[in-house]
Amino acid sequence: RTFRQRCLCVAPLLALPAPHPIDHTRYSPSRIPSRCTMATMTTITPTITPATSITVGNTHEYTGDGSHKWQLYVTTSEPVMASVVASLHPTFSPSSCALTPTPTNPSGTSFALTRTGWGTFEVGLRVHLKDGCAYTSQDGTEASYIDLKWMLQFDESDRCEDVAVHLDFASNTGPACAVEVEAKADKVTAEPAGTRSADALAEADENQPAPTGERQGEEGYRDAVLDALRRRPFLAPKDKHFMHGRLLEGHDSKLAKPRCVWKSYKPPRDDHSSGFATGSGKDKLTASEFQDRENEMAVKVATLAKLMRASNKTVVYTGAGISAAVVGQAARSGTNTVGFKGNELHVAPTFTHHALGHLGKVGMIHGWVQQNHDGLPQKAGFPQEKINEVHGSWYDPSNPVVKYGGSLHDRCYPWMVDDARTADLCIVLGTSLGGLNADQVATDPAERSCHGEALGTVCLNLQQTPQDGKMTLRLFGKTDEILLQLLHELGMAQAARDLKRNPRPTWPAESRVLVPYDAEGRRLPAASVEPLMWLDLRDGQQIRLTDGHNIQGAQQPSYMHIGATKDLKTRDGRVIKACPDGLGVVLRRDEAPCRFHLNIEGASMSLGLWWLDAALRGAVEQLSVVNTRPAYG
């Protein structure tokens, strides 16, 4: 069997059968088949609703040299889709991406994705429904999305299949109501009211859906933003728009300054700069905390949503502030805990982590450079393959926390630099931007925006930072509240409610899984005929670290014997035997901290449960650990 035939996927709620020919040769939104050729299930609904037809298919064109240009499309007979996310073969980068809205067909919605490649594979599709629409599976579980699968084909120029689903609509809500919301979306975005707090948004009635995330004209908006930023230099602290951002310099209405909610006369950290990077240098940076007023916050959140829709590549850059409520932080603060709380492995993600995790899964965030070590993004469902834990992790034994005198993992630094140079939009949360090397992830896109080459950088913080004058957009407030409003603005209010009710993702129940990797933990090529390997992390299984780990580079004293080629001598004269092979054993699977507890050469280490999911999907290039004597399936 070929690799694609042995690909391991999560079972979908709906599965399309093998595709068959239809009578048109090229996809056109206006020529969606009106018939429904297959009804795969009936839903449990209080009221019988007309079936909605979902059409999935792909076109292709041979381009020579064994390559095909293909377009995957998803259309519906009614306007019920908010967004569609595709999970491609792991050799694509990014492998998870959002489909682009295409010109709306007469009665429904259409999304498409175009790529070039040489091989076929099974595509996973998640169709996110608009507010007011829900799907009920056979087991009675209600969800705001529908999962589908489609086998890419190059046999015909166009092939598709229809599936009929019954959706539940909130009271007085339905396909016609969704059209009204879509028609009003641009008006709401252009003239945000800003009269509701974040808590009020969370409790909003389901009959009042937020504006949909589907917009037309992102490219025109993007061009306008690039032109505006090219003409607007960095702002000095005395500028009246300094606390709003360069993009709002030409805003029609007068924007009020944020309220000071905690006053301090000291800098955020004694070891960081106390001045601003722009201006005369006379203005001093303090740890004072600010909150945008409701109307101004509404304007800024609406603008951020439009920037994210227009962005070609959005990278998140975060610091301790987003975890401060549960872990603590070093910077001065009147809101968050100063110092660290302990028992860090058992803390749960905040709503900020869950919101960013959702945006990562639906393809609106393409990368995350994480200064923290806490694994909270992955606990919230953010894909492991998209996160660069540049300073090390508590949940990756190949990349332990790096001491200040240590060196970064060989894969982390080039990845960070690449994100800094290629991000179209950087979103900064919870970091003081005090001068770390990694701050280039935020400052590089801002610099490129001055030349019309990027949308720049957006900062979400309670406190000011030295780099505030460079920001495209500057939001002051608690990130939990801001991101709740952002999800509503993006048409993801149902997802926001789901995250508040039951936010924790589920990991594979079995600790022994068949994965597309070799004995060295390297991902198999797409066309490989090599057998799949069992990754066995059950209690008592013998394991070893894979090559390329950063144990020595991290310089953690308790780990320095691992990977060492010579015995170590401690200050008190003890000799610690070198353990170059990095051998170990799985002690147990711990569900509460979401980890496999490992013993590697006598040292206690952890591997996040989400690594099982990443291995199943073939999502990461190399695994952190493998079995010492792997078996194959």
Q: Can you give me the closest heavy-atom contact between I543 and I600, atom names plus distance?
A: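 So the two residues come closest at CD1-CD1, 3.9 Å.
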Q: Starting at CG of L607, measure out to CZ of R589 and round the result to the nearest 0.5 Å.
A: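 Between atom CG of L607 and atom CZ of R589 there are 11.0 Å.
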Q: Less than 4.0 Å between a side-chain N and a carboxylate O, is that true for E489 and K306?
A: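 Looking at K306 and E489, the cut-off is not met.
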Q: Report the residues that fulfil ring pair (Phe, Tyr, Trp, His ring centres under 6.0 Å) with F242, sequence neighbours left out, ordered by chain and then residue number.
A: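 F242: ring pair (Phe, Tyr, Trp, His ring centres under 6.0 Å) contacts with F276.
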Q: Test side chain to side chain contact (heavy atoms under 4.5 Å, CB included) on Q467 and V428 and set out the steps.
A: CA-CA 11 Å; Q467 308 295 336; V428 176; over 6 Å; no
Q: Once rounded to the nearest 0.5 Å, what's the spacing between atom CG of L616 and atom CH2 of W507?
A: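 Answer for the CG-CH2 pair, L616 versus W507, is 12.0 Å.
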Q: Is D227 reaching over with its side chain to a backbone N or O of G452, donor-acceptor style, under 3.5 angstrom?
A: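 Such a contact is absent between D227 side chain and G452 backbone.
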Q: Does some side-chain heavy atom of V225 sit less than 4.5 Å from a side-chain heavy atom of L307?
A: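 Heavy-atom side-chain distance check passes, below 4.5 Å.
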Q: Salt bridge or not for R421 and E447, using N-O below 4.0 Å?
A: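 No.
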Q: Using the rule given for side chain to side chain contact (heavy atoms under 4.5 Å, CB included), can you reason through V441 versus V390, listing the C-alpha separation, both sets of side-chain angles and the distance that settles it, and then say yes or no?
A: CA-CA 11 Å; V441 177; V390 66; over 6 Å; no
Q: Is the count of non-hydrogen atoms from other residues, nucleotides or ligands lying under 6.0 Å from R230 atom CZ greater than 12?
A: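 It does: R230 CZ has more than 12 such atoms within range.
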Q: Got a donor-acceptor contact below 3.5 angstrom from the R595 side chain to the W394 backbone?
A: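 The answer is no, because no donor-acceptor pair under 3.5 Å joins these two groups.
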Q: Using the rule given for side chain to side chain contact (heavy atoms under 4.5 Å, CB included), can you reason through L248 versus R474, listing the C-alpha separation, both sets of side-chain angles and the distance that settles it, and then say yes or no?
A: CA-CA 9 Å; L248 296 185; R474 186 63 171 89; over 6 Å; no
Q: Using a 4.5 Å cut-off on heavy atoms from C-beta on, say whether the side chain of V299 contacts that of H244.
A: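 Contact flag for H244/V299 side chains = no.
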Q: Let's go through Q371 and Y317 carefully: what are the C-alpha distance in whole Å and the side-chain angles of both, what is the deciding distance for side-chain hydrogen bond (donor to acceptor under 3.5 Å, both in side chains) to 0.1 Å, and is it a yes or a no?
A: CA-CA 8 Å; Q371 295 183 47; Y317 179 51; 2.9 Å; yes
Q: Would you give me the side-chain donor-acceptor pairs under 3.5 Å for residues 410-417, sequence neighbours excluded?
A:
residue : atom : partner : partner atom : Å
R411    : NH1  : H409    : NE2          : 3.3
R411    : NH2  : D396    : OD2          : 3.0

Q: Just by distance, do the side chain of D590 and the backbone of F596 share a donor-acceptor pair under 3.5 Å?
A: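 A pair under 3.5 Å: no.
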Q: Is the shortest heavy-atom distance from the side chain of V625 to the side chain of M605 under 4.5 Å?
A: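 Sidechains of M605 and V625: no contact.
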Q: Would a 4.5 Å heavy-atom cut-off, applied to side chains only, mark R544 and D581 as touching?
A: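 A side-chain contact under 4.5 Å is absent here.
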Q: Could you work out, with salt bridge (Lys or Arg N to Asp or Glu O under 4.0 Å) as the rule, every residue matching E385, not counting sequence neighbours?
A: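 Per chain and number, E385 pairs via salt bridge (Lys or Arg N to Asp or Glu O under 4.0 Å) with R617.
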Q: Got a sec, which residues hit salt bridge (Lys or Arg N to Asp or Glu O under 4.0 Å) with D418, two or more places apart in sequence or on another chain?
A: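 Applying salt bridge (Lys or Arg N to Asp or Glu O under 4.0 Å) to D418 gives K313.
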Q: Any sub-3.5 Å donor-acceptor pair from S288's side-chain atoms to S264's backbone N or O?
A: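 Pair found, side chain donor or acceptor close to backbone of S264.
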Q: Partners of F290 by ring pair (Phe, Tyr, Trp, His ring centres under 6.0 Å), sequence neighbours excluded?
A: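 Expected list: F476.
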Q: Judged by atom type as modelled, is there a donor-acceptor pair below 3.5 Å linking the side chain of T431 to the main-chain atoms of T318?
A: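 Checked: no pair found.
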Q: Between H561 and K577, is the side-chain hydrogen bond (donor to acceptor under 3.5 Å, both in side chains) condition met? List the steps.
A: CA-CA 7 Å; H561 62 292; K577 185 176 178 58; over 6 Å; no
Q: Out of curiosity, L545 CG to N550 CG, how far, rounded to the nearest 0.5 Å?
A: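 If I round to the nearest 0.5 Å, the distance is 11.5 Å.
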Q: Quick one: side chain to side chain donor-acceptor pair (under 3.5 Å) partners of E296, sequence neighbours excluded?
A: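 For E296, no residue satisfies side chain to side chain donor-acceptor pair (under 3.5 Å) once neighbours in sequence are set aside.
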Q: Without swapping roles, check the side chain of Q463 against the backbone of G430 for a donor-acceptor pair under 3.5 Å.
A: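 No, because the side chain of Q463 does not come within donor-acceptor range (under 3.5 Å) of the backbone of G430.
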Q: Mind checking side chain to side chain donor-acceptor pair (under 3.5 Å) for Q440 and listing every partner two or more places apart, or none if nothing turns up?
A: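 With sequence neighbours excluded, Q440 shows a side chain to side chain donor-acceptor pair (under 3.5 Å) to N437, given in chain and number order.
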Q: Is any side-chain heavy atom of Q291 less than 4.5 Å from a side-chain heavy atom of M297?
A: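 In contact.
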Q: Sequence neighbours left out, what passes side chain to side chain contact (heavy atoms under 4.5 Å, CB included) with K386? Give chain and number order.
A: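 In terms of side chain to side chain contact (heavy atoms under 4.5 Å, CB included), with neighbours along the sequence ignored, K386 is linked to S96, F382, P383.
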Q: So do the side chains of H488 and V301 get within less than 4.5 Å of each other, counting heavy atoms only?
A: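 They are not in contact (no side-chain heavy atoms under 4.5 Å apart), so the answer is no.
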Q: Do side-chain atoms of R293 reach the backbone of K257 as a donor and acceptor pair under 3.5 angstrom?
A: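 Yes, because the side chain of R293 sits within donor-acceptor range (under 3.5 Å) of the backbone of K257.
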Q: Is it true that a side-chain atom of D292 and a backbone atom of L475 form a donor plus acceptor pair closer than 3.5 Å?
A: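 Not at all, since once roles are kept as given, no pair shorter than 3.5 Å links the two residues.
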Q: W610 vs Y395, test: ring pair (Phe, Tyr, Trp, His ring centres under 6.0 Å). Steps then yes/no.
A: CA-CA 10 Å; W610 49 86; Y395 290 91; 5.1 Å; yes
Q: Could you give the distance from NE2 (H366) to OG1 (T422), rounded to the nearest 0.5 Å?
A: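 H366 atom NE2 to T422 atom OG1 measures 11.0 Å (nearest 0.5 Å).
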Q: Salt bridge (Lys or Arg N to Asp or Glu O under 4.0 Å) with R522: which residues, sequence neighbours excluded?
A: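 D518.
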Q: Quick one: does V620's side chain get under 4.5 Å of W611's, heavy atoms only?
A: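 Heavy-atom side-chain distance check passes, below 4.5 Å.
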Q: Can you see which heavy atom on E389 is nearest to which on N399, and at what distance?
A: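 Closest approach of E389 to N399: O-ND2, 3.1 Å.
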Q: Treating D468 as the side-chain partner and T465 as the backbone partner, does any N or O pair qualify as donor plus acceptor under 3.5 Å?
A: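 Side chain of D468 to backbone of T465, a donor-acceptor pair under 3.5 Å: yes, one is there.
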Q: Please name the pair of heavy atoms, one in P445 and one in T457, separated by the smallest distance, quoted to 0.1 Å.
A: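 Closest approach of P445 to T457: CB-OG1, 3.8 Å.
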Q: Salt bridge between R574 and D572, side-chain N to carboxylate O under 4.0 Å?
A: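 Judged by the 4.0 Å cut-off on N to carboxylate O distance, R574 and D572 do form a salt bridge.
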Q: Say whether, by atom type as modelled, one donor and one acceptor occur between the side chain of D439 and the main chain of L436 under 3.5 angstrom.
A: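 Confirmed, D439 side chain pairs with L436 backbone.
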Q: Do you know which two heavy atoms are closest between A355 and L487, and how far apart they sit?
A: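 Closest pair (atom of A355, atom of L487, distance): CB-CD1, 4.0 Å.
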Q: Identify the heavy atoms of T479 and L460 that sit nearest to each other, and give their distance.
A: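 Shortest heavy-atom separation between T479 and L460 comes out as CG2-O, 4.0 Å.
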Q: Run the side-chain hydrogen bond (donor to acceptor under 3.5 Å, both in side chains) test on S604 and H597 for me, step by step, so that the C-alpha distance in whole Å, both residues' side-chain angles and the decisive distance to 0.1 Å come before the verdict.
A: CA-CA 7 Å; S604 177; H597 188 188; 2.8 Å; yes
Q: Sequence neighbours excluded, which residues qualify as side chain to side chain donor-acceptor pair (under 3.5 Å) partners of S311?
A: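 Side chain to side chain donor-acceptor pair (under 3.5 Å) check on S311 returns T314.
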Q: Does any part of the side chain of D374, heavy atoms only, come nearer than 4.5 Å to the side chain of E344, both counted from C-beta?
A: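 No, too far: nothing below the 4.5 Å cut-off.
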Q: Please evaluate residues V85 and K361 with respect to the criterion side chain to side chain contact (heavy atoms under 4.5 Å, CB included), reporting the C-alpha separation (whole Å), side-chain torsions for both, the decisive distance (0.1 Å), and the verdict.
A: CA-CA 8 Å; V85 178; K361 286 187 288 188; over 6 Å; no
Q: Mind checking what makes side chain to side chain donor-acceptor pair (under 3.5 Å) contact with E621, not counting sequence neighbours?
A: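 With sequence neighbours excluded, E621 shows a side chain to side chain donor-acceptor pair (under 3.5 Å) to no residue whatsoever.
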Q: Taking all non-hydrogen atoms of both residues into account, name the closest pair between S558 and A603 and its distance.
A: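 Distance-wise, the nearest heavy atoms are O-CB, 4.1 Å.
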Q: Can you sort out the partners of R246 under salt bridge (Lys or Arg N to Asp or Glu O under 4.0 Å), two or more places apart, ordered by chain and number?
A: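 If we apply the salt bridge (Lys or Arg N to Asp or Glu O under 4.0 Å) test to R246, skipping adjacent residues, there are no hits.
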